[in-house]
Structure formats: C-alpha cells, structure tokens
Amino acid sequence: MGAADKAQSWRYVEEITPEGAPAAGARARAVELDVDSVTPATGALLATLAAAAGARHVVEIGTGAGVSGAWLLAGMPSDGILTTIDVDVEHQRSARTAFADAGVPTSRTRTIGGRALEVLPRLADGAYDLVLIDTDVADLQLLLEQGRRLLRVGGTLVVPHALWFDQVADPARRDPETTTMRELVRSLLESEEWTASLLPVGSGVVVAVKR
C-alpha cells in the first residue's frame with residue numbers, strides 16, 4: 001500500500017465515523033475558542049475504550065471544549081463519573097453545555113478548574129479505570145507519572161496527538177513538543193510497567209494498560 005492509499009484510508013476512517021450532536025456542538029465551539037479537539041475517529045476510539053473497560057471512574061486532563069469528554073461519556077456506563085480538569089473557565093463552560101446536550105446528569109461529571117499538576121495529587125491512588133492526558137506537552141512526563149498513580153492495575157492510559165500532527169515520524173523534527181511526544185511514546189512502548197500500542201488514528205493515539 002502506497003502513501004497515497006494510506007492517506008485515503010485515514011481520510012475514510014475519519015469521514016465514515018458519525019459524531020453525535022453534543023460532540024459536534026462542542027467541536028463548533030472549539031473552533032470559536034481556538035482549541036484543538038480530537039477527531040471523530042479518535043473520539044469513537046475513546047468511547048470504545050471506555051466501553052471495553054466498563055470505565056466507571058475516568059479522569060480527563062485537559063477538558064478543551066468538551067469534545068473528548070462527550071465521547072468518553074458516550075462509552076461509559078450510565079453510572080460512570082467523569083472528572084475533567086482544565087485551567088480555562090470558558091473551556092469548562094463549553095464542556096458542561098456538551099454534557100447537558102447529551103442528557104448527562106450533573107452528578108456524573110466533576111469539572112475542576114486549575115493546573116493539572118496541582119489538582120491531580122488530591123485524587124486517590126489506584127481509583128480510576130481510564131486516564132486521558134490531552135494538555136500541555138511540556139508537562140507530559142510528570143502527568144504520565146500522575147496517571148500511573150491514579151490508575152488501577154489493568155486501567156487504561158490514553159494520550160491523543162501522539163504523532164504530533166505528523167511530525168513525530170520525521171526524525172528531522174527536533175522541536176521541544178515533537179521531541180517530548182516522541183520520547184513519551186517510546187517510553188510507553190518499551191516500558192515493562194505498561195502494555196502499550198501506538199495507533200495512527202486522528203493525529204495519533206497511544207494507548208497503554210497498566211500492568
């Protein structure tokens with residue numbers, strides 16, 4: 001399969017994936033807020049992972065406009081609780097709108113304002129089924145340590161944008177963001193503490209299960 005065929009296949013995956021109104025509305029608000037969002041195919045993967053894990057306790061680091069949160073909630077059990085953390089009040093307001101549009105009771109979501117590295121230490125060890133890290137690349141390694149602490153054994157860590165907008169695969173790209181993401185992906189794939197896989201969905205997703 002040539003590069004053109006692969007590009008066509010990736011476009012097909014994105015185009016064939018339907019997106020519900022709550023996530024689509026959040027995506028439109030993300031454009032207005034100038035916030036990056038996961039693609040529909042990445043969102044569908046998040047929902048699938050949450051469903052496969054029966055994830056009742058999920059932490060999302062980086063609320064954004066609520067696109068990924070809406071997808072996660074779509075895959076979680078009806079009694080699952082999403083804790084989502086972001087420093088921006090407007091982002092969380094958009095997310096709450098998306099969750100309300102999806103008919104999710106407010107008791108099923110906790111939106112916490114603040115820097116993740118200041119908030120996460122207050123959350124309980126080994127209490128979560130899935131942790132999504134989608135925030136500043138500069139903090140990724142520290143957030144990875146927090147994510148591992150928060151997850152139960154068998155819990156799932158998800159990091160979107162793992163190919164960093166098609167730059168990770170290019171060895172000539174050595175800017176700090178690309179280098180940090182490249183090193184994070186490699187560390188997860190090589191670590192004996194995780195069972196991990198890198199998926200070429202959206203702008204890349206690395207999925208790791210805590211051993």
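We number each residue from 1, following the sequence as shown.
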More than 12 heavy atoms of other residues, nucleotides or ligands under 6.0 Å from CD of Gln141: is that the case?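 Counting other residues, nucleotides and ligands, CD of Gln141 exceeds 12 neighbours.
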
Residue list, side chain to side chain donor-acceptor pair (under 3.5 Å) with Ser37, at least two apart or on another chain: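 So Ser37 forms no side chain to side chain donor-acceptor pair (under 3.5 Å) with any residue.
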
Who passes side chain to side chain donor-acceptor pair (under 3.5 Å) against Glu145, sequence neighbours left out? none

Report the C-alpha separation of Asp175 and Gln167 in whole Å, then their side-chain angles, then the decisive distance to 0.1 Å, and conclude whether the side-chain contact (heavy atoms from CB on, under 4.5 Å) test is met. CA-CA 10 Å; Asp175 59 277; Gln167 294 182 178; 3.6 Å; yes

Do you know the tightest heavy-atom contact between [X] and [Y]?
| X | Y | result |
| --- | --- | --- |
| Arg211 | Thr195 | NE-OG1, 3.0 Å |
| Leu45 | Leu199 | CD2-CD1, 3.7 Å |
| Thr42 | Pro160 | CG2-CB, 4.5 Å |

Do Ser94 and Arg29 have a side chain donor and acceptor closer than 3.5 Å? yes

Under a single-linkage rule joining Ile, Leu, Val, Met, Phe, Trp and Tyr whose side-chain heavy atoms are separated by less than 4.5 Å, which residues share a cluster with Leu33? Val35

Transitive ILVMFWY side-chain link Trp10 to Trp164, under 4.5 Å: no

Inspect the contact between Glu90 and Arg93 and indicate whether a charged nitrogen and a carboxylate oxygen are less than 4.0 angstrom apart.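 Salt bridge between Arg93 and Glu90, a charged N being under 4.0 Å from a carboxylate O: yes.
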
Mind checking the [atom1]-[atom2] spacing from [X] to [Y]? Nearest 0.5 Å is all I need.
| X | Y | atom1 | atom2 | result |
| --- | --- | --- | --- | --- |
| His161 | Thr135 | NE2 | OG1 | 10.0 Å |
| Phe165 | Asp36 | CZ | CG | 4.5 Å |
| Thr63 | Ile61 | OG1 | CD1 | 10.0 Å |

Take Arg182 and Thr179, measure what side-chain contact (heavy atoms from CB on, under 4.5 Å) needs, and give me the verdict at the end. CA-CA 5 Å; Arg182 186 183 290 126; Thr179 299; 4.2 Å; yes

Between Val159 and Met181, does a side-chain contact (heavy atoms from CB on, under 4.5 Å) hold up when you go through it step by step? CA-CA 10 Å; Val159 183; Met181 188 63 80; 4.3 Å; yes

Please tabulate, for side-chain N and O atoms in residues 116-130, each donor-acceptor pair with protein atoms closer than 3.5 Å (sequence neighbours left out).
residue : atom : partner : partner atom : Å
Asp125  : OD1  : Arg149  : NH1          : 2.4
Tyr128  : OH   : Arg110  : NH2          : 3.3
Asp129  : OD1  : Arg152  : NE           : 2.7
Asp129  : OD2  : Arg56   : N            : 2.9
Asp129  : OD2  : His57   : N            : 3.0

Sub-3.5 Å donor-acceptor pair from the side chain of [X] to the main-chain atoms of [Y], do we have one?
| X | Y | value |
| --- | --- | --- |
| Thr48 | Ala44 | yes |
| Asp136 | Asp139 | no |
| Lys210 | Arg148 | yes |

For the pair Leu144 and Leu157, evaluate side-chain contact (heavy atoms from CB on, under 4.5 Å) and give the outcome as yes or no after the intermediate values. CA-CA 9 Å; Leu144 174 61; Leu157 176 81; 3.3 Å; yes

Which residues pass the salt bridge (Lys or Arg N to Asp or Glu O under 4.0 Å) test with Arg96, not counting sequence neighbours? none

Would you list the atom pairs, donor with acceptor, under 3.5 Å between side chains in residues 68-77 and any protein atom, with sequence neighbours excluded?
residue : atom : partner : partner atom : Å
Ser68   : OG   : Glu60   : OE2          : 2.3
Trp71   : NE1  : Glu19   : OE2          : 3.0

